[in-house]
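Below: the structure, in structure tokens.
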Amino acid sequence: MSEHPQEPKSSKDDESLLPIDEHIEEGHDDEGRKVRHRGIYLLPNLFTTANLFAGFYAIINAMNGNFYVAAAAVFVAMVLDGLDGRVARLTNTQSAFGAEYDSLSDMVAFGVAPALLAFEWALGSMGKVGWMVAFIYVAGAALRLARFNTQIGSVDKRYFIGLASPAAAGVVAGTVWAFSDFGIQGSNMAFVVAILVAAAGMLMVSNIKYNSFKNFDLKGRVPFVAILAVVLVFAVVFSDPPRILLLAFLAYAASGPIQYLLRLRRRQSGE
């Protein structure tokens, strides 16, 4: 009696019309049971993809010498980055895939793009020192994002540990946008730009706390005067976007060290 090897049973779950693996993600339902989800959520990942494209567009324009366009693209990426997380939470479409995709997009938009922008505009004139400073920023952004991913759920949501990468990108891109818009050559202020870029990179990996503003309730009712305040903010920003945005991000970046020094002083005076 001859024996024939059994052929593996085919399953519809293993078949695909395209030569691309289907994404399957494990999670838990409301009762704590393990479930498997097939596919990804479209809406929040559309915003993440747009964020990635804005960062790539900033890189292309920086390489072509369109510095103000590249800087503006970084700020557009910030808006899109804020929207993808908000949309995911409001529509209950958070996923591990979305979190990882968001981090990779942020690395391009807020890590590589600002560093290359600063290098092409000013740091390139400093030779090896310039690209070393740019790399310090890129490494700081990568370490910041990796640390943020590992601290989700274990730190106070009211604060960021270290300067958030979008805020650091705002300092770098805002500096380039504000001064290049005046026709100033980056090589004339390369030393100042190097200090700002290196400081932003170091602040991202520091243990200094920054307010995350995540305690704002966007779904609740607010006084009527709040919408008037929002209109006023938009009017002020659009009156001179490069300078206003640069001042805002510089103030936010400086707020962390200032509050740290004030807490340190109060602690020492109390002892």
Side-chain angles (χ1 to χ4, degrees), residues 21 23-28 32 34-56 58-59 74-116 134-173 197 199-216 249 252-253 256 260:
D21 289 339
H23 174 70
I24 299 176
E25 186 173 313
E26 291 189 353
H28 295 83
K34 183 179 291 187
V35 295
R36 302 179 72 191
H37 301 284
R38 180 182 294 274
I40 61 175
Y41 293 112
L42 180 62
L43 185 58
N45 289 310
L46 281 178
F47 286 100
T48 305
T49 303
N51 172 24
L52 177 62
F53 176 79
F56 178 74
I59 292 173
V74 173
F75 283 100
V76 171
M78 291 182 202
V79 176
L80 295 169
D81 179 60
L83 288 175
D84 63 0
R86 297 284 183 181
V87 168
R89 286 188 290 271
L90 290 175
T91 58
N92 195 26
T93 53
Q94 304 102 314
S95 66
F97 174 88
E100 295 299 328
Y101 188 29
D102 180 64
S103 292
L104 293 173
S105 300
D106 288 353
M107 184 60 207
V108 175
F110 309 131
V112 178
L116 182 61
F135 177 72
I136 289 174
Y137 178 90
V138 172
L143 293 170
R144 169 70 178 81
L145 291 168
R147 184 175 66 174
F148 176 79
N149 289 342
T150 59
Q151 290 178 337
I152 294 177
S154 62
V155 297
D156 191 344
K157 292 184 179 181
R158 297 176 300 171
Y159 300 100
F160 291 130
I161 306 300
L163 182 63
S165 57
V171 172
V172 177
V197 172
M202 297 304 294
L203 283 173
M204 281 190 285
V205 296
S206 69
N207 290 326
I208 296 176
K209 290 184 177 181
Y210 285 87
N211 197 319
S212 66
F213 302 108
K214 289 185 178 181
N215 52 350
F216 286 162
F249 281 102
Y252 180 74
Y260 173 79

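Fair warning: this is a prediction, and the values are worked out from it, not measured in the lab.
Partner Y101 forms a side chain to side chain donor-acceptor pair (under 3.5 Å) with one of T48, T49, N51 and no other, that one being T49. Tested against Y210, the residues Y252, F249, F148, Y260 include a single ring-ring contact (aromatic ring centres under 6.0 Å, His included) partner, Y252.
Proximity of M107 to V138: side-chain heavy atoms (C-beta onward) are separated by under 4.5 Å at one or more points. The closest side-chain heavy-atom distance from F110 to D81 is below 4.5 Å.
Contact between A168 and M204 at its shortest, heavy atoms only, is CB-SD, 3.7 Å. Counting all heavy atoms, side chain and backbone alike, A134 lies closest to A115 at O-CB, 3.7 Å. Closest approach of A58 and V74 over heavy atoms only: CB-CG2, 3.9 Å. Nearest heavy atoms, L163 versus R144: O-NE, 3.1 Å. Between F75 and G170 the shortest heavy-atom distance is CZ-O, 3.7 Å. When all heavy atoms are compared, the tightest approach of A77 to A109 is CB-CB, 3.9 Å.
Not a single donor-acceptor pair under 3.5 Å links the side chain of S206 to the backbone N or O of G162.
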Working note: I161 + K209, criterion side-chain contact (heavy atoms from CB on, under 4.5 Å); need CA distance, chi angles, decisive distance, verdict. CA-CA 5 Å; I161 306 300; K209 290 184 177 181; 3.9 Å; yes

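Annotation: the span from L80 atom CG to S105 atom OG amounts to 10.5 Å, rounded to 0.5 Å. Rounded to the nearest 0.5 Å, atoms CZ (F160) and CD1 (I208) are 15.0 Å apart. Atom CG of L145 sits about 8.5 Å away from atom CG of D102, to the nearest 0.5 Å.
With hydrogens and angles left out, the side-chain atoms of D106 and S165 include no donor and acceptor closer than 3.5 Å.
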